[in-house]
Amino acid sequence: MSAPDEESALLGLAPVAPDRTVAYGSGPDRVIDLYGPWAGAARGPLVVLLHGGFWRAAYDRRHLSPLAAELAGHGLPVALAEYRRAAGGAARMVEDVSAAVSAAVDEAGDEAADEAGCAARAVLLGHSAGGHLALLAAARPGVPVARVVAVSPVADLARAHELGLSGGAVAELVGGGPGLAARIAAADPARHPPAGVPVTILHGGDDPEVPPELSRRYAAAAGAVATAAAGAGTGAAGPTAAGHARTTLHELPGVGHYAPVTPGTPACRTLLTELLGGRAV
């Protein structure tokens, strides 16, 4: 399937209404849509799902509602999060994501506790710009995240800016002008890998929107932070060292930007298998 076909396949799906919506702050964008099962019937971890759209207000969570429903249909409780976009920058978006994760964990309660009965935590699943925010939020102290699954993430913000992705979206995010490099660095997941939180990245090898080079660079940087030795590629894992959990990158040959989050595609089945701990779907 070509890149335009992948995009139209996802955006052509009808939105799926949630079971209910919960506010985690004031304003229309600080909400999470909940897709069951949430009480006793869950067969997998709580998933907090973040949409992409290069951080712009023109894109909202509705295009990932079919994915949220698909995950819920496989026994995963899902919180599809909205967050404030456009003006305000990455820090405000990460603040929103962190609050959304905490709200989702509160809603899940004991259902999101691990097998040992430890405090509830979520799998933070983000696509594209949502993957960028997932990686940054997981690096914040106190955010109840068990692991990150980032799909086609903007994982190296400096390189994304060098490439001019989506017409200069990075400069829009952090604000142009003097001090741009420092602002990019402050919001760059490659500079701030999460401590103690495992990261899995799925990236289409033919992604024209967010080149897989960005995920390769992130995986290499995560390894370098942990061990002072770079080097991660297809199916590779950054080494584990004190304070840093493993980072694993899986490239999906022949896959573009949207197929992994489009229900019914082989790439989406790969994502489901990852979330279900290797169980076939």
Side-chain angles (χ1 to χ4, degrees), residues 1-16 35-37 42-54 59 61-80 122-132 134-135 147-155 165 198-219 232-237 246-281:
M1 187 183 298
S2 68
D5 289 340
E6 280 195 16
E7 182 176 11
S8 61
L10 175 63
L11 300 184
L13 296 174
V16 180
Y35 295 79
R43 300 194 300 276
L46 165 65
V47 176
V48 178
L49 176 58
L50 305 176
H51 70 86
F54 281 106
Y59 305 94
R61 67 192 186 280
R62 287 176 295 180
H63 71 274
L64 285 193
S65 63
L67 176 63
E70 177 77 4
L71 300 182
H74 285 82
L76 298 169
V78 179
L80 175 56
V123 174
L124 192 47
L125 169 61
H127 175 240
S128 194
H132 161 266
L135 292 167
R147 64 184 294 223
V148 173
V149 178
V151 181
S152 306
V154 188
L165 295 189
V199 173
T200 299
I201 299 176
L202 303 180
H203 210 129
D206 291 345
D207 188 337
E209 305 290 336
V210 180
E213 170 195 356
L214 271 64
S215 287
R216 295 178 200 137
R217 289 169 64 96
Y218 174 89
T234 303
R246 186 167 294 274
T247 296
T248 305
L249 169 60
H250 298 295
E251 290 190 34
L252 307 177
V255 172
H257 190 64
Y258 298 97
V261 293
T262 303
T265 66
C268 190
R269 286 194 290 275
T270 298
L271 172 60
L272 275 166
T273 299
E274 179 66 35
L275 293 170
L276 291 168
R279 298 200 304 272
V281 294

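Residues: numbered from 1 along the sequence shown. These figures come from a predicted structure and were not determined experimentally.
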Hey, can you pull the donor-acceptor pairs under 3.5 Å for the side chains in residues 204-214, sequence neighbours left out?
residue : atom : partner : partner atom : Å
Asp207  : OD1  : Glu209  : N            : 2.8
Asp207  : OD1  : Val210  : N            : 3.0
Asp207  : OD1  : His257  : ND1          : 3.2
Asp207  : OD2  : Ser152  : OG           : 3.4
Asp207  : OD2  : His203  : NE2          : 3.3
Asp207  : OD2  : His257  : ND1          : 2.7
Glu213  : OE2  : Arg159  : NE           : 2.6
Glu213  : OE2  : Arg159  : NH2          : 3.4

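- Paired with Leu125 under the rule side chain to side chain contact (heavy atoms under 4.5 Å, CB included), one option of Val78, Leu71, Val48 passes, and it is Leu71.
- Between Ala72 and Gly36, the shortest heavy-atom distance links the atoms CB-O, 2.6 Å.
- The side chain to side chain contact (heavy atoms under 4.5 Å, CB included) check on Pro45 picks up Leu76, Val123, with sequence neighbours excluded.
- Between the CG atom in Leu80 and the NE2 atom in His51 there is a gap of 7.5 Å [rounded to 0.5 Å].
- For His132, the side chain to side chain donor-acceptor pair (under 3.5 Å) test picks out Trp55, with sequence neighbours left out.
- Across all non-hydrogen atoms, the minimal contact from Ser65 to Pro15 is OG-CA, 3.3 Å.
- In this structure, the side chains of Thr270 and Val255 stay at 4.5 Å or more apart for every pair of heavy atoms.
- When all heavy atoms of Val261 and Cys268 are compared, the closest pair comes out as C-SG, 4.5 Å.
- The minimum heavy-atom distance linking Leu252 with Pro260 is given by the pair CD1-CG, 4.2 Å.
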Discussion item. As a quick check of understanding, evaluate side chain to side chain contact (heavy atoms under 4.5 Å, CB included) for Leu249 and Glu251, giving each step before the final call.
Written reply: CA-CA 6 Å; Leu249 169 60; Glu251 290 190 34; 4.2 Å; yes
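- Partners of Ala69 by side chain to side chain contact (heavy atoms under 4.5 Å, CB included), not counting sequence neighbours, listed by chain and number: Val16, Tyr35.
- When all heavy atoms of Ser215 and Ile201 are compared, the pair lying nearest together is OG-CG2, 3.3 Å.
- Screening residues 4-14 for salt bridge (Lys or Arg N to Asp or Glu O under 4.0 Å), with sequence neighbours left out, gives no hits.
- Taking the side chain as every heavy atom from C-beta outward, Tyr258 and Thr265 never approach each other to under 4.5 Å.
- Distance check: Leu135 CG to Leu124 CG gives 8.0 Å after rounding to the nearest 0.5 Å.
- Every side chain to side chain donor-acceptor pair (under 3.5 Å) that Arg147 has, sequence neighbours left out, goes to Thr200, Glu274.
- The distance from atom OG1 of Thr248 to atom CG of Leu202, rounded to the nearest 0.5 Å, is 10.0 Å.
- Separation of atoms CG (Leu67) and CZ (Arg61) is listed at 14.5 Å; rounding is to 0.5 Å.
- Contact between Pro263 and Pro66 at its shortest, heavy atoms only, is CG-O, 3.6 Å.
- Applying side chain to side chain contact (heavy atoms under 4.5 Å, CB included) to Val149 and the options Leu49, Val47, Leu271, Val199 leaves one that passes, Leu271.
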